[in-house]
Amino acid sequence: MNLAELYRQVILDHAQHPRNFRAQDGAIRVKLKNPTCGDDVTLFLAVRDGNVQSASFQGTGCSISIASASLLTEAVQGQPLVAVLLLDEEFRKLVQGIPADTARLGDLEALAGVARFPARVKCATLAWNALLQAIEEGEGHPHE
Ligand code: ZN
């Protein structure tokens, strides 16, 4: 199995069996849409003491958008927000074809191929835009 095939398998696995696919009561909730593709993702983020306590999502869309959201929720689970923001930066580099810190990215590297399809970058970053918005909202309400 070559690398491209391996990446394809990871994306299909996460698209068909999304991880952390559930709503969360009491969590920050951000719903975003990507009208160009019809993707629709709601991210749920519970933050405590500067750490992601739990991340989950719900939504519908193309394989790239669902796989990206699923991989995101796994990658940020239990992480400090500082690390999450760094991960976000590296992920955005990856899908734009800019050299990125693949050690930090882990399984997210499976989405590297998106860089060859500029129209799909919005699919891959949809959940990440929701993540940034959720972190911002959380900072506005530190005691919630
Ligand atoms: Zn899409």
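Not measured: the values here are computed from a predicted model. Just the heavy atoms: all of them, side chains too, but no hydrogens, waters or symmetry mates, feed the values below. Each ligand, and each atom within it, is numbered from 1 in the order the structure gives.
With Ser56 as the partner, the side-chain hydrogen bond (donor to acceptor under 3.5 Å, both in side chains) test is satisfied by one option alone out of Gln24, Arg22, Arg19: Gln24.
Other residues, nucleotides and ligands place no more than 12 heavy atoms under 6.0 Å from the CG atom of Asp25.
No donor-acceptor pair under 3.5 Å is formed between the side chain of Glu109 and the backbone N or O of Leu105.
Nearest heavy atom pair, residue Ala55 against residue Asn20, reads O-CB, 3.5 Å.
Among residue pairs with one or both ends in residues 111-131, none qualify as salt bridge (charged side-chain N to carboxylate O under 4.0 Å, His left out); sequence neighbours excluded.
Close placement of the Phe57 and Phe21 rings is indicated, their centers lying within 6.0 Å of each other.
Shown here are the protein N/O/S atoms lying under 2.8 Å from the Zn ion (ligand 1), water excluded: Cys37 SG, Asp39 OD1, Asp39 OD2, Cys62 SG, Cys123 SG.
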